[in-house]
Amino acid sequence: MRYLQLINAFTARYVTVIILLFSGMAFVMPQYFGWAVQYTAFFLGAAMFGMGLNIKAKDFAIVLTRPKDIAIGVLAQYSIMPVSALIICNLFQLPPDIAIGVILVGCCPGGTASNVITYIARGDVSLSVGMTIASTLLAPLVTPLLVYTLGGQWVDVQLVPMMISVVKVVLLPVLLGILIQSMGQHRVDRIRPISPLISMIAIVLIIAGIIAVNRDIILMSGLLTLGVVCLHNLMGLGVGLIVSRACGLNYEKTTALAIEVGMQNSGLAVALATANFAMNPLATLAGAIFSVWHNMSGAVFANIRRRKYEEDYEQTNVVEA
């Protein structure tokens, strides 16, 4: 058990390095990672199942006891990133394949990595977890509707099949994890320590598979996609920070909301692109690049916010002294 905890701690701390390492390996040796693409939905389902195993009653209590904070966060999640994606796609006149990929990323719920980044930044982790749960449970309805509304001008979007895809790869695995946990708490406690590691492996394989299959396309369009993905993520972090301050939230809540908005479940974007936009091969690229980038930018953002928190704390102590 102790070794598993050490491994989980190591992977959580160096998640960005691990993703970059395997992404580089997939780019240089695509023949060893291309197989993972056909299992994208399975890998994402495994990651979501792990999330379900780790959702506890107190996490749902956060959603019920802090409805105002959760509502602000979820509304920001499903407005700032989709609108930012739409602005970027029109501003840069992106080709349909890349545009729908950016739209998909923007319309997805928050990712579980945001909870770790919020902890590093000294933000409100409970609020971050609550927002992730709420936006994830709403995803089967909200994400397809947003993609249908915003992405229809670039490609043909089939609403019902996309809803079914989100239910299969997100909602059902999460609910299954919650159900198993509620039925066998003690048994689940034995396997829960390995669930973060399984989720990590699943996300790494999803990204590596996409990069391996799209290696040649990345050489042609990767720089453009990287640029718009970075801009999209930074807009989410920046506007999320502004909106939360405008709502009068304190430091901890402001930090959690900004990170939650800026860090998407990009693995879901990849899975939806694979399942629903097979005729648009570049649609998976934005999600894969976002998965790498948002961990890097999130870590930098967290360190900046943490330093500010520590400086404010020191100044407060000096004044009180």
Side-chain angles (χ1 to χ4, degrees), residues 5-6 8-16 47-48 50-78 80-81 108-139 174 177-178 181 188-189 192-193 195-197 199-200 203 233 236-237 240-241 243-245 247-267 294-313 316:
Q5 292 175 342
L6 291 174
N8 283 331
F10 176 84
T11 55
R13 184 174 182 178
Y14 296 104
V15 58
T16 302
M48 292 296 97
M51 176 183 174
L53 285 179
N54 286 279
I55 294 177
K56 302 175 182 177
K58 66 178 183 179
D59 298 324
F60 280 108
I62 296 167
V63 178
L64 298 175
T65 58
R66 302 173 63 177
K68 180 181 176 181
D69 294 339
I70 297 296
I72 292 173
V74 172
L75 284 173
Q77 176 73 54
Y78 281 126
I80 293 173
M81 290 301 275
C108 282
T112 54
S114 62
N115 308 147
V116 177
I117 297 299
T118 298
Y119 172 79
I120 295 172
R122 302 291 193 271
D124 190 331
V125 178
S126 296
L127 178 59
S128 177
V129 171
M131 287 190 290
T132 300
I133 293 172
S135 64
T136 298
L137 294 178
L138 289 171
V174 169
I178 295 172
Q181 179 190 175
V188 171
D189 286 341
R192 185 181 287 118
S195 62
L197 183 60
S199 297
M200 173 67 181
I203 295 301
N233 168 245
L237 292 171
L241 199 62
V243 168
S244 55
R245 285 176 175 173
C247 291
L249 303 181
N250 61 24
Y251 168 86
E252 288 82 3
K253 294 179 182 179
T254 296
T255 301
L257 189 145
I259 293 172
E260 188 69 22
V261 170
M263 299 187 70
Q264 303 290 83
N265 186 343
S266 45
H294 79 162
N295 283 291
M296 298 170 60
S297 65
V300 173
F301 182 80
N303 285 318
I304 292 173
R305 294 294 290 171
R306 184 177 62 187
R307 282 199 296 269
K308 183 179 185 306
Y309 175 85
E310 292 171 349
E311 289 172 1
D312 291 345
Y313 180 79
T316 300

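Residues N250 and K253 share a closest heavy-atom pair of OD1-N, 2.9 Å. Here the closest non-hydrogen pair linking Y78 and P109 is OH-CB, 3.4 Å. Heavy atoms only, all atoms of each residue included: G110 and T136 are closest at O-OG1, 4.2 Å. Taking all atoms of both residues into account, the shortest heavy-atom contact from V74 to S135 is CG2-N, 4.2 Å. Considering all non-hydrogen atoms of both residues, D124 and A256 come closest at O-CB, 3.4 Å. The two residues Q264 and V261 have their closest heavy-atom pair at OE1-O, 3.1 Å.
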### Query
Between N303 and R307, does a side chain to side chain contact (heavy atoms under 4.5 Å, CB included) hold up when you go through it step by step?
CA-CA 6 Å; N303 285 318; R307 282 199 296 269; 4.1 Å; yes
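Interatomic distance, R66 CZ to S126 OG, rounded to the nearest 0.5 Å: 6.5 Å. Taken from CE in M263 to CD in Q77, the straight-line distance is 11.0 Å, to the nearest 0.5 Å. Put simply, CD1 on I117 and CZ on R306 are 10.5 Å apart, with the number rounded to the nearest 0.5 Å. Put simply, CD1 on I72 and CG on L257 are 7.5 Å apart, with the number rounded to the nearest 0.5 Å. To the nearest 0.5 angstrom, D69 atom CG is 11.5 Å from E252 atom CD. I70 CD1 to L75 CG: the interatomic distance, rounded to the nearest 0.5 Å, is 11.5 Å.
Between the side chains of S128 and E260, at least one donor-acceptor pair of N or O atoms lies under 3.5 Å. In summary, the side chains of T255 and R305 do present a donor paired with an acceptor at a separation below 3.5 Å, with no hydrogens or angles considered.
Judged purely by atom type and a 3.5 angstrom limit, N233 uses its side chain to pair as donor or acceptor with the backbone of G262.
Only one option out of T132, V125, V129 pairs with S114 in a side chain to side chain contact (heavy atoms under 4.5 Å, CB included); it is T132.
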